[in-house]
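Each chain gets a letter, A, B and so on, in the order its sequence line appears, and its residues count up from 1. Both backbone and side-chain heavy atoms feed into the values below; hydrogens, waters and symmetry mates do not.
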2 protein chains.
Amino acid sequence: MAAVGRIAGVSQVTVSRALSDPSKVSPDTLRRIHDAIEVTGFVPNALAGALASRKSKLISALVPALTNIVYSSMLKSFSARLRSEGYEILLSETGFDPADEERVIATHLSRRPDAVLLTGIHHSAHARKMLLGAEIPVVEVWDITDTPIDLCVGFSHAATARAVAEYAVERGYMKAGTISAGDERAHRRKTAFVDRFEELTGSSVAQYDHGSLASLGQGRKGLAHLLDNYDLRNGLIFCSSDLLAQGVLIEAHARGLTVPDDIAVIGFGDQEAAAELEPSLTSVRVDRTTLGLTAAEAVLARLEGKDAPPRSTDIGFEIITRDSA
Amino acid sequence: MAAVGRIAGVSQVTVSRALSDPSKVSPDTLRRIHDAIEVTGFVPNALAGALASRKSKLISALVPALTNIVYSSMLKSFSARLRSEGYEILLSETGFDPADEERVIATHLSRRPDAVLLTGIHHSAHARKMLLGAEIPVVEVWDITDTPIDLCVGFSHAATARAVAEYAVERGYMKAGTISAGDERAHRRKTAFVDRFEELTGSSVAQYDHGSLASLGQGRKGLAHLLDNYDLRNGLIFCSSDLLAQGVLIEAHARGLTVPDDIAVIGFGDQEAAAELEPSLTSVRVDRTTLGLTAAEAVLARLEGKDAPPRSTDIGFEIITRDSA
DNA sequence: TTGTATGCGTTATCAA
DNA sequence: TTGATAACGCATACAA
């Protein structure tokens, strides 16, 4: 800035002002400064700016997995909204383990973000302490609780699963199985579904859990396992993701089974593909765009110091009925 | 650090040393410092550290779209390798427009990253100038050129497409169509395929281009359009992504066509799902994990100042033969 | 093994 | 409308 100033014939401070609040600089010097910036190829140092102003214009976003479309699509709207306000997103994967998450949180906080987005509501005690100590807005998404660290935007996983169980029973399905990923939220959905379905029908639910990342292959394997070990004819399979459900459709087709007549399927997430499958997939829709947007607005409200945002926002969900169940 | 030092009975500098190079501090004071950090909940300020040391330990990664698995899976190995060396990744979407990319590059450079990863080899003149001026390692991935800004790790899109055309002709397909996304690299693949196929067979290739993001729906629409307007019986469809190819499989099935007998399909990307589809999908494999890893190693070599990495690395590709073609 | 002095490139405060 | 000066919180060089 000093070098730019020398060329423009002003001091370093005036250059700073020209960049941060042009209205405070006369049009003439502003022009000279911009010319000088042009010839020098000057790029401001946001690190120094953040140190001096105590505002980094950086927002940390921590998600379990970048490759999972449900998180990345939520981040899309979250990022877009915040970027329009001049914030940049520092994005990291945490995996599904709170201990790993804690490490990531620590390195992120050392960059002095202006706010943090976390996925889920279960974090290590030390992580909570660090977050509280940072004294910045913290928004937990993709789940809901009355006692968030700071803010919370999401929905009840148990409620979605119970609704699916009730939907299944209403449609007359008296047998059911689950194919579920190993992460805590998927497990919570499975358990809620199983409890509610057994409560309503009295028949026990066959379960297949895979530890690793969800995939078409796991969905196929899951259905194969269930069909080979249980009688699920005319029953329904509840999957912890659309991807697994898609695998189920493929395996069913490969076995000559008709969906939904021989076996019905319900997914979770209602991804873009759900409507395009044959048969189209019944799924639980969570509006990820709204989720990301609402989280961004909550953070912004706190950052800009406007009206206090609600501590907890339930964005709800919806079962989208299609052909598979 | 000064506060921590006061509690531990040492100066600020000693605290700094305890954190950056513990071996330079006596075991006894090290313990006292860690105790003091514990009680104060101290989190170092990486901003100040970066400003003082002129090393941010931050690496910018710019990809067209986060939701596209081909980019995010490449980033996974890139990030993992660099994180193991203490670097953090500042990730942003650029879209497919060089003008948008330029803006993102500017804001990223203001954070003073230690290196930059870019997707593709086409960037605005001003972007190149800024990058060069930053005097940091720059690695361009997912394409190949002899004249990268600095480093380059990727493969030839034209070569993959020509190989697919030759593969098709070898298998006796004499008619072909393409379904392609609108981005520049997809377009380049399509053109190379069309040229080579027409050169080999003399028969012209039917083309369907969709502007927006690839999806199952676009794949279905694409096949529908091609079948309704051209005679492609016993021909082959080359799609610019596996996702489109998956849509083609679904549409073919919905129309009672058998793949590959009535119509053959080749995808691009060889995603996890390709092997699990019915029929399984023939596709062009690009080893995204290797790509990300190689890019990371190239950056590290330059950063750690070891042996100079090759300016340009071609990681090649492979056509994975499965049932769909 | 530890400490002192200095500077990194900005923004905030105050004065002119 | 502009400038001088002092932080911001750390790392580096040098000294003890």
Side-chain angles (χ1 to χ4, degrees), chain A residues 1-34 36-37 40-58 86 88 106-114 133-136, chain B residues 1-34 36-37 40-58 86 88 106-114 133-136:
Chain A
M1 280 188 175
V4 170
R6 251 188 318 274
I7 295 177
V10 293
S11 76
Q12 174 266 127
V13 203
T14 306
V15 177
S16 171
R17 263 194 288 260
L19 260 29
S20 58
D21 187 356
S23 73
K24 290 185 155 184
V25 173
S26 82
D28 185 49
T29 63
L30 196 57
R31 195 183 38 67
R32 294 202 320 274
I33 288 174
H34 279 138
I37 287 178
T40 54
F42 170 74
V43 176
N45 186 325
L47 256 33
L51 186 60
S53 67
R54 306 163 143 285
K55 282 185 210 105
S56 64
K57 284 286 178 179
L58 211 57
E88 210 61 34
T107 73
H108 271 242
L109 287 182
S110 76
R111 305 272 174 198
R112 296 295 186 269
D114 288 341
E135 298 189 308
I136 52 176
Chain B
M1 279 187 175
V4 170
R6 253 190 314 276
I7 295 177
V10 294
S11 74
Q12 172 263 126
V13 205
T14 306
V15 178
S16 170
R17 265 193 289 258
L19 260 27
S20 60
D21 188 356
S23 73
K24 289 185 157 185
V25 173
S26 83
D28 185 48
T29 63
L30 197 57
R31 195 182 38 67
R32 294 205 318 276
I33 288 174
H34 280 138
I37 286 176
T40 55
F42 170 75
V43 176
N45 186 326
L47 257 32
L51 186 60
S53 67
R54 306 165 140 286
K55 281 181 210 111
S56 65
K57 284 288 179 177
L58 210 57
E88 209 62 33
T107 72
H108 270 242
L109 287 182
S110 76
R111 306 271 175 201
R112 296 297 186 268
D114 288 343
E135 298 189 309
I136 52 176

Trainee: Using a cut-off of strictly less than 4.0 Å between a heavy atom of the residue and any atom of DNA chain C, enumerate the qualifying residues of residues 16-26 of chain A by number.
Mentor: A:S16
Trainee: Give the rounded distance in Å between these two atoms: CZ of A:R6 and P of C:dG9.
Mentor: 12 Å
Trainee: Look at B:T14 and C:dG3 and indicate whether a side-chain polar atom (N or O) is within less than 4.0 Å of OP1 or OP2.
Mentor: yes
Trainee: Run the numbers on A:S26 and A:D28 for side chain to side chain donor-acceptor pair (under 3.5 Å), then give the verdict.
Mentor: CA-CA 5 Å; A:S26 82; A:D28 185 49; 5.4 Å; no
Trainee: Rounded to whole angstrom units, what separation is found between the NZ atom of A:K57 and the P atom of C:dT11?
Mentor: 12 Å
Trainee: Could you check whether any side-chain heavy atom of A:I7 comes within less than 4.5 Å of a side-chain heavy atom of A:I37, counting everything from C-beta outward?
Mentor: no
Trainee: Heavy-atom distance under 4.5 Å between the side chains of B:D114 and B:L58, does that happen here?
Mentor: no
Trainee: Roughly, in whole Å, what's the span from CG in A:L47 to C1' in D:dA11?
Mentor: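 It works out to 13 Å between those atoms.
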Trainee: Are the side chains of A:R6 and A:Q12 in contact, using a 4.5 Å heavy-atom criterion?
Mentor: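 Side chain of A:Q12 against side chain of A:R6, heavy atoms only: no contact under 4.5 Å found.
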Trainee: Can you tell me the distance, in whole Å, between the CZ atom of A:F42 and the P atom of C:dG9?
Mentor: 10 Å
Trainee: Is any side-chain heavy atom of A:L19 closer than 4.5 Å to a side-chain heavy atom of A:M1?
Mentor: yes
Trainee: Quantified as the angle between the terminal helix axes (five pairs each), what is the overall bend of the helix from C:dT1-D:dA16 to C:dA16-D:dT1 to 10 degrees?
Mentor: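 Rounded value for the end-axis angle: 30°.
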Trainee: Taking only side-chain nitrogens and oxygens of A:R54, does any of them come within less than 4.0 Å of OP1 or OP2 of C:dA12?
Mentor: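 A:R54 to C:dA12 OP1/OP2: no side-chain N or O under 4.0 Å.
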Trainee: Any donor-acceptor pair under 3.5 Å linking the side chain of B:S56 with the backbone of B:R112?
Mentor: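 Flag set: sc B:S56 to bb B:R112 pair under 3.5 Å.
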Trainee: Could you measure the distance from the NE2 atom of A:H34 to the OG1 atom of A:T29? Nearest 0.5 Å is fine.
Mentor: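 With rounding to 0.5 Å, NE2 (A:H34) is 10.0 Å from OG1 (A:T29).
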Trainee: Report the distance from atom CZ of B:R32 to atom C1' of C:dT2, rounded to the nearest whole Å.
Mentor: 11 Å
Trainee: Output the distance between atom NZ (B:K57) and atom OG1 (A:T107), rounded to the nearest 0.5 Å.
Mentor: 12.5 Å
Trainee: For the backbone of B:V43 and the side chain of A:S110, can you confirm whether one donor and one acceptor N or O come within less than 3.5 Å of each other?
Mentor: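 No, the answer is negative, given that no donor and acceptor are paired below the 3.5 Å cut-off.
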Trainee: Under 4.0 Å from OP1 or OP2 of D:dT1: is there any side-chain N or O of A:T29 that close?
Mentor: no
Trainee: Could you give the CG-to-P distance, from B:N45 to D:dA11, as a whole number of Å?
Mentor: 9 Å
Trainee: Please tell me which of B:S11 and B:A52 maps to the more 5' nucleotide of DNA chain C, matching each residue to the nucleotide holding its nearest heavy atom.
Mentor: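 On the 5' side of the pair lies B:S11.
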Trainee: Rounding to an integer number of Å, can you tell me how far B:R112 CZ sits from C:dC8 P?
Mentor: 13 Å
Trainee: Phosphate oxygens OP1/OP2 of C:dT11: is one of them under 4.0 Å from a side-chain N or O of A:S53?
Mentor: no
Trainee: Just how far, in rounded Å, is P of C:dC8 from CG of B:L51?
Mentor: 9 Å
